[in-house]
Amino acid sequence: MNVVRRACGVLHLAWVVAVVLALGPVSAGAAVSSSATTVLYDGALGTQPEAQGFVFLDLPSGAAARTWADGATLLNTLAFTNTYAGYTAQSGLVPGLDRQAGYSVQFATQLLAESHAGSDRNGDGVDDRAGFSVTVLSTDTVGIELGFWTDRVWAQAGGSPPNLFTQAEGAAFDTTSTLISYTLAISGTAYTLWANSAPLLSGPLRDYTAFTGPLDPYETPNLIFLGDNSASARASVRLAAVSVTTGPSLPVLDRRVYLPLVQR
């Protein structure tokens, strides 16, 4: 979601003098234009995601542990390095994810533990897999996959091998202390990830369609996946909520009129 706050970014360069008019304050939650939010998973309902419209994949053995407790589903693949396990939102429930119009995916997670040792794929000394990943693809299958470690969140590179699915931009961040509300906002050719309402990471969207394999979701439009999609990493993670918002919903912080500075 590059950028839920793009209005401020545009004005930052275009205007240099602000004239505050006495129009009174407006709620920070007000929106510039209409948007629509679809709740895909609500852990407070006491069920796991597959009971609310997600498809659960657990291959090859079906041995991943998952339970519901305290308002969240616990998915645990720590005991099985070669397991792929996670949740994909059913296509009929996900609205069209038009990156030109803008959209965002909100999710609340807590990464309890994660292991990725030995997953360096391109020999640069940096591991390239994560035990918990979030993949979001737009209607044209361009999107972003984010890997979550206990102390870092980072993006998977797109393009072609050997760089495909290697570690790109990232940010140091503690993903373990509590349930964290993330917002992944996508607009045009870029994304921004927010954590508890603070910007954490941003970069360009990727094309992952060069990937081939027995499990290949990267040609799937309007895809939302959360889970362990790597045979080289594993994790234990709590998932409490998932929703998607289509259309712009930029916050209006106050009523100000910005005028250009005229110089002679």
Side-chain angles (χ1 to χ4, degrees), residues 1-4 6 57 59 84-89 91 94-107 109 111 114 116 118-149 152-173 175 182-195 199-233 235 242 244 246:
M1 77 180 170
N2 190 35
V3 250
V4 187
R6 62 184 176 188
L57 176 69
L59 297 173
Y84 300 86
Y87 298 97
T88 301
S91 58
V94 179
L97 303 181
D98 182 352
R99 60 189 176 94
Q100 301 304 333
Y103 65 89
S104 62
V105 177
Q106 301 81 32
F107 53 99
T109 63
L111 189 60
E114 193 271 348
H116 52 264
S119 64
D120 179 7
R121 290 295 180 260
N122 58 351
D124 63 355
V126 178
D127 286 324
D128 297 311
R129 296 294 182 265
F132 177 68
S133 296
V134 173
T135 307
V136 175
L137 302 180
S138 307
T139 54
D140 60 356
T141 71
V142 173
I144 193 67
E145 179 166 307
L146 299 175
F148 290 75
W149 292 351
R152 184 173 175 81
V153 181
W154 51 275
Q156 290 278 9
S160 302
N163 294 319
L164 179 64
F165 290 116
T166 57
Q167 189 169 163
E169 70 273 3
F173 186 69
T175 62
Y182 296 96
T183 298
L184 175 59
I186 290 177
S187 178
T189 60
Y191 76 90
T192 299
L193 179 70
W194 298 66
L200 175 62
L201 180 64
S202 63
L205 299 178
R206 267 67 176 208
D207 184 340
Y208 299 114
T209 55
F211 175 79
T212 58
L215 296 176
D216 183 4
Y218 298 102
E219 289 79 26
T220 306
N222 305 317
L223 176 74
I224 298 176
F225 169 85
L226 306 96
D228 178 357
N229 65 357
S230 171
S232 304
V242 185
V244 58
T246 56

Would you sort out whether S138 and Y103 count as a side-chain hydrogen bond (donor to acceptor under 3.5 Å, both in side chains), showing the intermediate values? CA-CA 9 Å; S138 307; Y103 65 89; 2.8 Å; yes

Between L57 and T88, is a side chain to side chain contact (heavy atoms under 4.5 Å, CB included) present by the stated rule, with each step listed? CA-CA 8 Å; L57 176 69; T88 301; 5.8 Å; no

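When atom types are taken as modelled, the side chain of R129 and the backbone of F165 share a donor-acceptor pair closer than 3.5 angstrom. In this structure a side-chain-to-backbone donor-acceptor pair under 3.5 Å is present from R99 to G188. A donor-acceptor pair under 3.5 Å is absent between the side-chain atoms of E145 and the main chain of L137, judged by distance alone. A side-chain donor-acceptor contact under 3.5 Å links D120 to the backbone of G125. Counting only distance, with no hydrogens or angles, the side chain of D128 and the backbone of R121 share a donor-acceptor pair below 3.5 Å. Not one N or O on the side chain of D207 forms a donor-acceptor pair closer than 3.5 Å with the backbone of V142.
By the 4.5 Å heavy-atom criterion applied to side chains, T135 and I224 are not counted as neighbours. Under the 4.5 Å side-chain criterion, counting only non-hydrogen atoms from C-beta, L146 is in contact with L201. Put simply, the side chain of I144 reaches to within 4.5 Å of the side chain of Y208, judged on heavy atoms.
Put simply, CG on N229 and CG on L59 are 12.0 Å apart, with the number rounded to the nearest 0.5 Å. Taking OG of S230 as the reference point, atom NE2 of H116 lies at 11.0 Å (rounded to 0.5 Å). The CG atom of L193 sits 10.0 Å away from the CD1 atom of I186 when rounded to the nearest 0.5 Å. In this structure, Q156 CD and Y218 OH are separated by 7.5 Å, a value rounded to the nearest 0.5 Å. Considering OH of Y87 and CG of L226, their distance stands at 10.0 Å, rounded to 0.5 Å.
Among the candidates L97, T220, T209, the single residue satisfying the side chain to side chain contact (heavy atoms under 4.5 Å, CB included) test with T141 is T209. Q106 pairs with exactly one of L184, V242, T183 by the side chain to side chain contact (heavy atoms under 4.5 Å, CB included) rule, that one being T183.
Closest approach of T246 to P95, counting heavy atoms only: CG2-CG, 3.7 Å. The two atoms that bring A233 and G131 nearest to each other are CB-N, 3.4 Å, heavy atoms only. Here the shortest heavy-atom pairing between A157 and N163 reads CB-O, 3.5 Å. The shortest heavy-atom contact between L111 and A235 is CD1-CB, 3.9 Å. Residue R152 comes nearest to G170 through the heavy atom pair NH2-CA, 3.5 Å, listed as atom of the first residue, atom of the second, then distance. Residues E169 and S202 approach most closely at CG-O, 3.7 Å, considering heavy atoms.
Ring geometry, W149 versus W154: the interplanar angle exceeds 60°, so the pair is classed perpendicular (tilted spans 30 to 60°). Ring orientation note: the planes of F148 and Y182 are nearly perpendicular, at an angle over 60° on the 30°/60° scale.
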